[in-house]
Amino acid sequence: MLGGNEGVAAFSNIILEFLEAVVHQVLFVRGVYESDTFEERRLYETIVHKSRHPGVVEYVNSVVSSLKASLDAGNLQSFNVVFSDADETLLAKMVLEFKLRLDDVRELETVFRNLLRNLSIQNSSLTPLPQDATFEIVVCTKKGGGLGLDVWCEEVASDLNLSQTPAKCTPIKSIDLGSALQLHLAIVEKG
């Protein structure tokens with residue numbers, strides 16, 4: 001069991017490590033970049049893919065790192081990787097919803113391993129993204145979520161809504177660890 005500020009920091013670091021891995025993995029499985037621009041790594045006893053492009057690595061790292069204060073304060077509600085075409089039309093998004101409560105985080109590696117594996121497995125049922133697809137990371141926080149506006153800008157949540165057109169939701173995994181955390185991972189695609 002983790003306790004106090006040290007426990008919150010350790011918990012946040014584990015979540016941040018996972019978020020960085022999931023972004024790279026979803027970019028790989030969705031084919032946003034050529035597969036040869038990724039390298040295989042092991043994390044949580046499973047193979048994950050990480051982009052080798054310095055710009056992508058820097059963007060993902062800086063964005064994910066900037067979430068630490070919001071995580072520590074318990075303000076992060078959802079983490080999204082949003083895919084658009086060249087005209088900036090929303091095509092799909094990977095949604096990871098959080099209900100985080102610090103308690104016992106020993107099971108997190110198993111949970112994260114299963115989420116990463118399921119993300120790779122579900123890819124075959126998803127609509128391929130076009131060649132010109134781009135991505136951005138978007139988060140939703142509680143009001144006053146502790147995000148620095150040097151990295152983030154505020155947007156209205158409805159800007160991420162695919163409901164204007166028929167949408168297909170592919171649930172990837174739902175995890176409920178009781179008092180530690182609840183995670184729901186899904187891919188939502190334009191219908």
Any idea which heavy atoms bring Leu76 and Ser70 closest together, and the distance? N-OG, 3.6 Å
Is the shortest heavy-atom distance from the side chain of Val57 to the side chain of Lys50 under 4.5 Å? yes
From Asn114 atom CG to Leu116 atom CG, the distance as rounded to the nearest 0.5 Å: 9.0 Å
With side chains defined as the heavy atoms from C-beta onward, is the minimum distance between Val63 and Val139 less than 4.5 Å? no
Hey, what do you get for CG (Leu96) to CG (Asn80), rounding to the nearest 0.5 Å? 8.5 Å
Closest approach of Ala92 to Leu129 (non-hydrogen atoms, all atoms of both residues): CB-CD2, 4.4 Å
Less than 4.5 Å apart, side chain to side chain, heavy atoms only: is that true for Phe112 and Ile14? yes
Tyr44 side chain reached by Glu17 side chain, heavy atoms, under 4.5 Å: yes
Would you say that Val64 contacts Phe18 through its side chain, given a criterion of any heavy-atom pair below 4.5 Å between the two side chains? no
Any salt bridge (charged side-chain N to carboxylate O under 4.0 Å, His left out) pairs touching residues 39-48, not counting sequence neighbours? Glu39-Arg41, Glu45-Arg113
Here the gap from Asn75 atom CG to Leu67 atom CG, rounded to the nearest 0.5 Å, amounts to 11.0 Å
Could you measure the distance from the CZ atom of Phe83 to the CG atom of Leu91? Nearest 0.5 Å is fine. 9.5 Å
Using side-chain contact (heavy atoms from CB on, under 4.5 Å) as the criterion, list what pairs up with Thr89, not counting sequence neighbours. Asp85, Asp87, Lys190
Determine whether Met94 and Phe79 make a side-chain contact, defined as any pair of heavy atoms from C-beta on separated by less than 4.5 Å. yes
Report yes if the side chains of Tyr59 and Ile137 come closer than 4.5 Å at any heavy-atom pair, otherwise no. yes
Can you give me the closest heavy-atom contact between Glu20 and Asn61, atom names plus distance? OE1-ND2, 3.5 Å
Would Val138 and Glu136 count as a side chain to side chain contact (heavy atoms under 4.5 Å, CB included) if you check the C-alpha gap in whole Å, the side-chain angles of each, and the deciding distance to 0.1 Å? CA-CA 6 Å; Val138 179; Glu136 68 178 321; 3.9 Å; yes
Value for NE2 (His53) from OH (Tyr33), rounded to nearest 0.5 Å, stands at 7.5 Å
Minimum heavy-atom distance between Ser12 and Lys68, given as atom pair plus value: CB-NZ, 3.7 Å
Answer whether the closest heavy-atom distance between the side chains of Ser51 and Leu27 falls below 4.5 Å. no
To the closest 0.5 Å, what do you measure between CG (Leu19) and NE2 (His24)? 11.5 Å
